[in-house]
Protein chains: 2
Amino acid sequence: MVDQTRALWFSGTMSNDLDTVFAALADPTRRTILAMLLEDDMAVTDVAEPFEMSLAAISKHLVILTKAGLISQEKRGRVKWCKLEPDALRAASVWMQGFGQFEPVNLDAFERFLEVELPTAEE
Amino acid sequence: MVDQTRALWFSGTMSNDLDTVFAALADPTRRTILAMLLEDDMAVTDVAEPFEMSLAAISKHLVILTKAGLISQEKRGRVKWCKLEPDALRAASVWMQGFGQFEPVNLDAFERFLEVELPTAEE
DNA sequence: GGTTTGGTCAACCATTTGGTTGAATATGCG
DNA sequence: CGCATATTCAACCAAATGGTTGACCAAACC
């Protein structure tokens, strides 16, 4: 008999967070937003600009990202700034690492990889 | 102005895979199943046993996990065996690592990632 | 004060998701 | 053969998701 208790605990404990984090990450628009915020904090309007959908739609996406803890929003004046909160990915990352022996990745190489491959991605 | 091109490329390229993988991981039942398979391969019926839902429901979950590449299913006789495929987590894991400088650096994992060349949707 | 700008809210809509049940299809067993 | 076992299929359902539009509110500008 397999030790399912451990398995169930494993997936059960941090379920709430993982649900919302993974669900947030499952949408390409939201992943793109996160990637944009990697560069710098942005106002909601500026986040919305490159997308071909309404501001309201983006606003909803930002709510979802906020609830998942993946970004934070701070209102200064009438503009609301969005800031990446990469720590929110940690639990999910750890959970995933439980499955593979693939260790963390070389960030510098990854950056270089992005720079090099970039130009082909024009649309 | 921020270099959004790169950000958009970043989130755009492996979108198809990441969509299905993250969506698959967003459900606690499916995460539990993956954790169970960490222990050993299992028949569909045995996977379903600890859950309080129909076999058909579990069968659907297994289809979703299979389409995400997170498990494989092989039919031997009349029983279909489910096997964890942790490699499918790699792209998602790498994507996430792009955000947090969580951990020290390991070049090997990244090299392997590059060599694998992302699956070109077999359908 | 009146008008633009930044952003959300509310109502609505189509599609997807996660579940059910009952019938159907294999495969194995005596 | 006839029956039990393993699994999927099909139809259905409720709820969640991702988008729209138009009204709304708050801050900034002249």
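To find a chain, count down the sequence lines: A is the first, B the second, and so on, and within it residues start at 1. Both backbone and side-chain heavy atoms feed into the values below; hydrogens, waters and symmetry mates do not.
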- Quick one: which of dG6(C), dT7(D), dG19(D) gets closest to the side chain of Val79(A)? dG6(C)

- Message: The side chain of Met53(B) is closest to which nucleotide in this list: dT8(D), dG19(D), dG19(C)?
- Response: dG19(C)

- Using whole Å, report how far CG of Asp19(B) lies from P of dT17(D). 15 Å

- Message: If you assign each of Lys75(A) and Val63(A) to its closest nucleotide in DNA chain C, which residue comes earlier from the 5' end?
- Response: Lys75(A)

- Item | Proximity to the side chain of Ala57(A) - top-ranked nucleotide from dA6(D), dT8(D), dG19(D) | dG19(D)

- Touch class at under 4.0 angstrom, heavy-atom based, for Ala23(B) against every strand present: nothing

- Query: Leu55(A) side chain: which of dG19(D), dT8(C), dT7(D) is closest?
  - Reply: dT8(C)

- Should Leu70(B) and Leu25(B) count as side-chain neighbours, where that means a heavy-atom distance under 4.5 Å? yes

- Checking Ile58(B), Ile33(B), Leu37(B), Thr66(B) against Cys82(B) for side chain to side chain contact (heavy atoms under 4.5 Å, CB included), the one that qualifies is Leu37(B)

- Any side-chain heavy atom of Met96(B) within less than 4.5 Å of one from Gln97(A)? no

- Of the nucleotides dA28(D), dT8(D), dG19(D), which has the atom closest to the Val44(B) side chain? dT8(D)

- Message: Please report the distance, rounded to the nearest Å, between CD in Gln73(B) and P in dT7(D).
- Response: 9 Å

- Message: Tell me the interatomic distance from Asp46(B), atom CG, to dA6(D), atom P, rounded to whole angstroms.
- Response: 8 Å

- Of the candidates dG18(D), dT27(C), dC9(C), the side chain of Ala56(A) sits closest to dC9(C)

- Looking for any heavy atom pair under 4.0 Å, which part of the strands does Lys60(B) touch: base, sugar-phosphate only, or nothing? base

- Write down the distance between CE (Met42(B)) and C1' (dT7(D)), rounded to a whole number of angstrom. 15 Å

- Item | Atom-pair distance (CD1 on Ile64(B); C1' on dT8(D)), nearest Å | 14 Å

- Query: Between atom CD1 in Ile33(B) and atom P in dT7(D), what is the gap in whole Å?
  - Reply: 13 Å

- Item | Nearest-angstrom distance from the residue atom CZ of Arg30(A) to C1' of dG18(D) | 8 Å

- Message: Counting only side-chain nitrogens and oxygens, does Ser59(B) get under 4.0 Å of the OP1 or OP2 atom of dT7(D)?
- Response: no

- Query: Which part of the nucleic acid does Arg76(A) contact within heavy-atom distance under 4.0 Å: base, sugar-phosphate only, or nothing?
  - Reply: nothing

- Check the hydrophobic clustering (I, L, V, M, F, W, Y; side-chain heavy atoms under 4.5 Å; chains of links allowed) and say if Ile64(A) and Ile71(A) are grouped together. no

- Taking the side chain as every heavy atom from C-beta outward, state whether Val44(A) and Lys80(A) have any atom pair closer than 4.5 Å. yes

- Message: Check the phosphate of dG19(D) against Ser54(A), side-chain N and O only, distance under 4.0 Å to OP1 or OP2. Yes or no?
- Response: no

- Task: Take Leu65(A) and Glu85(A), measure what side chain to side chain contact (heavy atoms under 4.5 Å, CB included) needs, and give me the verdict at the end.
- Result: CA-CA 10 Å; Leu65(A) 288 170; Glu85(A) 297 288 350; over 6 Å; no

- When Gly77(A) and Ala26(A) are each assigned the nearest nucleotide of DNA chain D, the 5'-most assignment goes to Ala26(A)

- Interatomic distance where CZ belongs to Arg31(B) and P belongs to dG18(C) [whole Å]: 12 Å

